[in-house]
Amino acid sequence: MAKTWATLGADGVDLHVEPTGSGVRKGLTDALRDAVRSGRLAPGTRLPSSRSLAADLAIARNTVADAYADLVAEGWLTARQGSGTRVAERTVVRPAPERAPRRREQGRPTYDLVPGSPDLASFPRTAWLKAARRALAAAPHDALGYGDPRGRLELRTALAQYLSRARGVRADPERIVICSGFSDGLNMLGAVLRQRGLRSLAVESYGLDVHWNLAHRSGLRTTPLSFDELGTRTSDLPGARAVLLTPAHQFPMGVPLHPDRRAAVVDWARRTGGLILEDDYDGEFRYDRQPVGALQGLDPDRVVYLGTASKSLAPALRLGWLVLPPSLADEVVSLKGGGGWSTGALDQLTLAEFLTSGAYDRHVRAARLRYRLRRDALVAALATRAPAVHATGIAAGLHAVLQLPPGTEQSVVQAAAWQGLAVHGLSRYRHPDAVPEPLDALVVGYGTPPDHAWSGALDALCRVLP
C-alpha cells in the first residue's frame, strides 16, 4: 500500500500514515502501532475520527474502526465518549543524552568576561515585542516577498536618520545595505575588493582573527599596521589600497584614533584612491569623554561605514549595515542580490519601528548608564584589591584592558580558568605578523555578565590578578 497523507479535516491537523502489508486493516493497524511505539505519535495525541480518516484514505469506515479497536484492546490507544480516540498515556523511555554535549555543559565557566557581547539578560524584550507587533500590523504585503537586496527601505531610512544624528554619518538610504552582521558585510566587501584586483588589506596590529580570516578567505592578505599610544600609525599606509580600522574605539586597546591620524588616513585615501573600512562596533557607548564621531563623516566618498545591532541589542538579531560610497554601492548590491537575501524582513521592520519610535534611544541610554556603573565598579575594585594593575581604554565601550607585569599573562589566564572565570589575554588579539613586542594584559568584557553576576565576576577576577 502506498504512503498516504491523511488530513483531520475538522480539526485541521495532518496525520501521516504509512500502511504496510497486504491487508488494508492489518496494514493500517501496523502503521499506527509503529507510529505510537516509535514516539512519532506522542501520548495524548488525538487521532482523526474513523469517518474522516476513512474518507481521506478512501477505505471503508469499518476498516478504520476495527483497526482502532484492535489498538485499544492492545493498550496503544484509548477511546472515550466525547474525547475521541487518543494515543494512550504511558511511560516513555528516552535515550540517554550524548556524552559530548554533557561535557561541554560541565565545562562552561561560572563567570564570562570575554569581550564581544552585551548583557543579553537586559535585551528589551517587551519593547521589542511591541515594536514587532506594530511593524507587522503596518507591513505592506510586499514585505513578505524577496524584496530589495539592499534591505527594507523603512530600515534604511530610519538608519540614515539615526546614524546622521547619533554618529555623524552622512548617509543616504539608497547607499545603505542591510546585512547579517559585521562578518556578512566584511565578506561582501572582501569579495568586491578582490574583484577589483586588490590582493591585500591593511589591518590594525591588534584586532579579531575572525575578521582577518574572513579577509583571507576572500583572497586578501592582511598586513598589520604598527600601534602606539595615539592609536594605529596611519603613516604606514602609503603602499596599501584598503584599510580596516576601528577609529572611534580601537579594539581591543580601547584608544580613539588621534585627530591628526584621522585626518591623515582620509588624506591618504583621497590622494591614492584608497578605501577605508570603518568598524564602528560600539559607537553608542561613551562615558568620560565627548563622543567620537564616525570617520565616515569626513569623507563619505572614501569610507565604508560598518555598524551592527550586536552590541547595542543582541548578536542573535543578525542585523548589520553598510553605508557605502557611490563608487562601491552598485557592486555590493549586485553581489548581494546574486547571493540571495539572508536578513529577515520582519526583523528589519521591527528595528525600523524601534528606531523611529524612540525605543532604541531609550534602551541605549539605559544600557550606557548600566555599563558605566559596571566600569566604575571594576575600576574601584582594582584600586582596592589589585592596585598594581592598571586599566586602560575605559572611557568608552564594553571592555577594558588590564595591564599585567611582563611574563604573567598566560599564568593569570590559566588561574582564571581554575576559578571558573572566562577571560582572554591580549595576546589572543595580536596579529601574527605584528611588529610591536607583545604586551601582557587581560581584555575584560564587562558587558557580558548579567547584573546579578557582576559582583561575583569581579571577585573572581580580583582573586587571580597579581
Side-chain angles (χ1 to χ4, degrees), residues 182 185-186 189-190 192-194 196-283 292-306 325 327-328 392-393 395-397 399 401 403 425-441 443:
F182 180 89
L186 186 59
L189 291 171
V192 169
L193 293 178
R194 194 67 186 87
R196 289 186 166 195
L198 270 70
R199 296 187 177 276
S200 67
L201 175 69
V203 298
E204 295 165 320
S205 291
Y206 289 93
L208 286 173
D209 58 354
V210 174
H211 298 166
W212 304 330
N213 292 337
L214 287 172
H216 296 162
R217 285 198 288 270
S218 296
L220 299 172
R221 182 178 66 256
T222 57
T223 305
L225 304 172
S226 56
F227 180 89
D228 60 24
E229 67 277 4
L230 301 181
T232 299
R233 295 178 62 89
T234 53
S235 58
D236 297 345
L237 273 170
R241 293 178 58 191
V243 59
L244 172 62
L245 298 172
T246 51
H249 188 228
Q250 202 284 328
F251 183 85
M253 301 304 288
V255 300
L257 188 62
H258 190 274
D260 291 345
R261 293 185 179 177
R262 288 166 64 93
V265 71
V266 171
D267 181 63
W268 160 83
R270 290 170 177 166
R271 286 185 292 101
T272 65
L275 192 66
I276 303 166
L277 312 184
E278 177 180 15
D279 178 6
D280 193 34
Y281 65 100
D282 64 357
V292 177
L295 187 67
Q296 189 265 5
L298 298 179
D299 194 338
D301 292 336
R302 306 306 323 167
V303 181
V304 179
Y305 178 89
L306 299 97
S327 61
L328 203 63
T392 62
H399 73 274
V401 176
Q403 298 179 8
L426 179 61
S427 60
R428 184 187 185 98
Y429 301 101
R430 184 176 182 270
H431 194 284
D433 299 328
V435 175
E437 288 296 319
L439 302 173
D440 283 84
V443 183

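We count residues from 1, following the sequence as given.
Residues S226 and S205 share a closest heavy-atom pair of CA-OG, 3.6 Å. Residues L198 and L220 share a closest heavy-atom pair of O-CD2, 3.3 Å. Nearest heavy atoms, D301 versus S327: O-OG, 4.4 Å. Taking each heavy atom of A215 and T222 in turn, the nearest pair found is CB-CG2, 3.8 Å. Nearest heavy atoms, P252 versus G207: CD-N, 4.0 Å. Closest non-hydrogen pair, S200 versus T223, comes out as CB-OG1, 4.3 Å.
Of the inter-residue distances, the one linking L193 atom CG with S218 atom OG reads 8.5 Å to the nearest 0.5 angstrom. Remark: L186 CG to L244 CG distance equals 6.0 Å, nearest 0.5 Å. Once rounded to the nearest 0.5 Å, the distance linking CZ of F182 with CG of L214 reads 8.0 Å. Remark: L201 CG to L277 CG distance equals 6.0 Å, nearest 0.5 Å. Atom CG of residue D280 and atom CG of residue L295 lie 10.0 Å apart, to the nearest 0.5 angstrom. Rounding to the nearest 0.5 angstrom, the gap separating the CZ atom in R270 from the CG atom in D267 is 7.0 Å.
In this structure, H249 has its ring center closer than 6.0 angstrom to the ring center of H399.
Between the side chain of N213 and the backbone N or O of D209 there is at least one donor-acceptor pair closer than 3.5 Å. The backbone N or O of A434 sits less than 3.5 Å from a side-chain atom of R430, completing a donor-acceptor pair. Put simply, the side chain of R261 gets close to the backbone of G231: a donor and an acceptor are under 3.5 Å apart. A distance-only check finds a donor-acceptor pair linking the side chain of W268 to the backbone of L237 [under 3.5 Å]. A donor-acceptor pair is defined here as one N or O able to donate and one able to accept, closer than 3.5 Å; no such pair exists between the side chain of R241 and the backbone of G273.
A heavy-atom distance below 4.5 Å is not found between the side chains of L245 and Q250. The closest side-chain heavy-atom distance from P325 to L275 is below 4.5 Å. Taking the side chain as every heavy atom from C-beta outward, L257 and L230 never approach each other to under 4.5 Å. Side-chain atoms of F227 and R233, non-hydrogen and from C-beta on, never get closer than 4.5 Å to each other. Residues L225 and V203 form no side-chain contact, since every pair of their non-hydrogen atoms from C-beta on lies 4.5 Å or further apart. Two residues are said to be in side-chain contact when any heavy atoms from C-beta on lie closer than 4.5 Å; E278 and P247 meet this criterion. Residues V304 and L328 have side chains in contact (heavy-atom distance under 4.5 Å, counting atoms from C-beta outward). In this structure the side chain of W212 reaches within 4.5 angstrom of the side chain of H431, judged on heavy atoms.
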Output, in order, the C-alpha distance, side-chain angles, deciding distance and verdict of side chain to side chain contact (heavy atoms under 4.5 Å, CB included) for H211 and D279. CA-CA 11 Å; H211 298 166; D279 178 6; 3.9 Å; yes
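Atom CZ of R428 is surrounded by 12 or fewer heavy atoms from other residues, nucleotides or ligands within 6.0 Å. Within 6.0 Å of CZ in R199 there are 12 or fewer heavy atoms belonging to other residues, nucleotides or ligands.
The aromatic rings of F251 and Y281 lie perpendicular to each other, with more than 60° between the two planes, well past the 30° mark.
With I276 as the fixed residue, the side chain to side chain contact (heavy atoms under 4.5 Å, CB included) test singles out one of T234, V303, L298: V303.
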